[in-house]
Amino acid sequence: MTILNSMLLWAGAILSVISVYKMYLSKRMGGFAAREPGISPNTYRFLLALAVLAAVFVRVYKFGLVPGGFNQDGAMAAVDAKALGEYGTDRFGMRLPVHLTAWGYGQMSVLLSYLMVPFIKIFGLSPYTARLPLLLVSLTGLACLYGFAGDVFGKCAALIVLWFAAINPWHVLQSRWALDCNLYSHFFMMGVFLLNRAFMGKKNRLHLLASMVAFGLCMYCYGISIYTMPLFLLVSCIYLLAAKRLSVGEALLSMTVYLLVAWPFIAVMAINFFRWDTIETPLFTLPYFPDSVRSNDILFFSSHIFSQLVQNVDSLLRVTVFQGKDLPWNDVQYFGTMYLFSMPFAAVGFCGLFGEFRKKAGTALLVIFLGTGIWCGLTTNNVNVNRLNIIYYPIMILAGVGIYEVIRWISLPNLKYGIAAAYGVMFFLFVREYFTSYAREMEIQFRKSFGEAVSSLKESDADKIYITMGAGRSTEILTLFWSDMDAEYFQGKTIPEGRLPYQERYIYHEISQMTVDPAENADYIIVAEELPLFDENLYEFEQFGSYYTVTKK
């Protein structure tokens, strides 16, 4: 794989340099006419349908089963969604919060949980219902990506952009599991698409206002939106006003719509910055989190701003340009976020922005979109793929347009088939890896066997259930998810007949450090090293991967 990646990277770099050079000659000398790739309407429709089919298939095949298990943040969002659907509160009893308490010291955005509510309400709590909203939003993001690329760069470029995104490792991975912050990139893309549509041909005020709604919803996707979303809107507004595409009245109306949607989140940020008390309104709760440490993630709150900025630049380049290995659930070894040989094409696409497309509003919006992602990387400490997710849509557009430009500017026989074959091979290898060895790795990362052990004790009649802390800090939230815990039982408001309160029934403990009492009516979830504590004559054991359930005979 390393040799193949190196070969493709060198080939992509050479093609990109040649393309940029010919683009440069065309602007300086005017003697080179780029060759438009010919494609019939029927062929176009076939390739478009095939791209959609590939995109949907790779995202829904074994959906809910791969990745196995469940991530603790996604489990938390789902448990809160179940509580919201049943009682109108989060799992702690806070009524319709604008921001979720989550871990306490680190909070969670609410939009994903609210999107989960109808699915969990109708079909019950499961990995399928918890992951479905992000899958649907991801596919909507792809549709907006294709629409935007077609509006700005034409239908042929848009087709290549869609294909690139359909088989893109980052987009595939994030669409198959549930993480609140990953919504941000998709709603951002929706907003950019709608905003650009507002200025195509005759001005469309409906699209303009709809874009403001999408941008307002972005604020409920990820906390970093507080210092990234307003920047994008401010710079875009200045550009559109200067280009005389937007009037002052329309700008004020747009700001009003955006603030109508976003103000509760902005108010929560203000409450926590100034340390005001929680505010309960008739419609929702604006919470104060006294234990929050999230401000430590922002450059401006660093005690060593310059050294932190240097680290941030290094992280930004590692995550984007060099596609360095990230957290296991964010990329697959050897494939990166965009395939490792794609960045030269993205560079060509960026150069192409200053050519024949430079007069379109969409080009400027794309540059501002990209710039906002770069700003995010510079101001957010030690970014990883999750924290920098808004940068990937503009990179995908630039890479797809770059491939389109290479095909147009280099008159090599069958070049487009060679590029398609290279990506086809990498996509095949990526899919094979994702659904085999990577899937097995993620079952460990997302503690599939722990979930199976908890699920097996859902109907337990034991008075107490002791649960090892072998799953770390996520032990309790994963237990709440896999046991389909009732929120009011968790809070101690309701106690089923014959059952102890939650705090007495579920005991999270280092089992190896406790004395097992055979007279106690209790079940256990333990790890292998804790097995010697139990008498085989008194207990039955069932293995679930690296975990065991222990029940009385």
Side-chain angles (χ1 to χ4, degrees), residues 8-9 11-27 32-41 43-52 54-55 142-168 171 189 192-193 196 200 338-339 341-367 369-370 392-424 426-427:
L8 292 175
L9 180 60
I14 292 170
L15 291 172
S16 299
V17 169
I18 294 173
S19 300
V20 172
Y21 178 65
K22 288 194 171 184
M23 290 164 62
Y24 169 78
L25 288 180
S26 174
K27 294 168 192 173
F32 182 85
R35 175 177 58 88
E36 285 282 357
I39 182 170
S40 69
T43 302
Y44 185 92
R45 285 191 288 268
F46 172 76
L47 292 175
L48 176 61
L50 196 60
V52 172
L142 280 184
C144 292
L145 173 78
Y146 171 72
F148 176 81
D151 293 341
V152 180
F153 303 107
K155 58 186 294 186
C156 288
L159 181 62
I160 296 175
V161 169
L162 178 61
W163 263 108
F164 184 82
I167 65 172
N168 180 271
H171 202 282
M189 185 69 248
V192 172
F193 164 66
N196 181 61
M200 290 183 59
M338 301 277 157
Y339 298 114
F341 62 98
S342 297
M343 294 314 293
F345 293 124
V348 175
F350 185 77
C351 293
L353 295 181
F354 302 96
E356 60 191 280
F357 308 123
R358 64 183 180 274
K359 295 182 180 180
K360 293 186 177 181
T363 304
L365 294 176
L366 178 58
V367 172
F369 192 177
L370 177 66
Y392 292 115
Y393 267 113
I395 291 178
M396 285 192 292
I397 294 171
L398 293 177
V401 171
I403 294 170
Y404 173 71
E405 292 283 10
V406 166
I407 295 172
R408 293 178 67 226
W409 289 99
I410 299 180
S411 301
L412 287 177
N414 301 321
L415 175 62
K416 58 186 176 184
Y417 300 116
I419 294 175
Y423 277 103
M426 293 303 291
F427 178 56

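All residue numbers refer to positions in the sequence shown, counting from 1.
Note that the CD1 atom of Ile167 and the CG atom of Leu162 stand 10.5 Å from one another [nearest 0.5 Å]. Between atom CG of residue Asn168 and atom OH of residue Tyr339 there is a gap of 7.0 Å, rounded to the nearest 0.5 Å. The OH atom of Tyr393 sits 15.5 Å away from atom CG of Leu370, with the distance rounded to the nearest 0.5 Å. One distance of note links CG of Leu15 with CD of Glu405; it measures 13.5 Å at 0.5 Å rounding. Once rounded to the nearest 0.5 Å, the distance linking NZ of Lys360 with CG of Leu365 reads 12.5 Å. We find the SG-CG distance between Cys351 and Leu398 to be 10.0 Å, quoted to the nearest 0.5 Å.
Residue-environment remark: CZ (Phe46) stays at or below the threshold of 12 foreign heavy atoms within 6.0 Å.
Checked against Tyr392 for a side chain to side chain contact (heavy atoms under 4.5 Å, CB included), the options His171, Met338, Met189 give a single hit: Met338.
Contact annotation: the side chain of Phe193 approaches that of Asp151 to within less than 4.5 Å [non-hydrogen atoms, C-beta and beyond]. When side chains are defined from C-beta on, Phe153 counts as touching Leu353, because their heavy atoms get closer than 4.5 Å. Using a 4.5 Å cut-off on side-chain heavy atoms (C-beta onward), Ile160 and Ile407 make contact.
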**Study point:** Asn196 vs Val152, side chain to side chain contact (heavy atoms under 4.5 Å, CB included): CA-CA, chis, key distance, verdict
**Key:** CA-CA 9 Å; Asn196 181 61; Val152 180; 3.7 Å; yes
Practice item. I would like to know whether Ile403 and Val406 meet side chain to side chain contact (heavy atoms under 4.5 Å, CB included); could you show each step before the answer? Key: CA-CA 5 Å; Ile403 294 170; Val406 166; 5.7 Å; no
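A perpendicular orientation is assigned to the rings of Phe164 and Tyr423, their planes being inclined by more than 60° (bins at 30° and 60°).
Taking every heavy atom of both residues into account, Ile397 and Phe148 meet most closely at CD1-CD2, 3.7 Å. The shortest heavy-atom contact between Tyr146 and Leu159 is CE1-N, 4.1 Å. Shortest non-hydrogen contact noted between Phe345 and Ser16 is N-OG, 3.6 Å. Residue Ala51 comes nearest to Ala166 through the heavy atom pair O-CB, 3.8 Å, listed as atom of the first residue, atom of the second, then distance. Closest approach of Gly402 and Val348 over heavy atoms only: O-CG1, 3.8 Å. Between Ser19 and Ile410, the closest heavy-atom pair is OG-CD1, 3.4 Å.
A donor-acceptor distance shorter than 3.5 angstrom exists from the side chain of Trp163 to the backbone of Leu47, with no hydrogens or angles considered.
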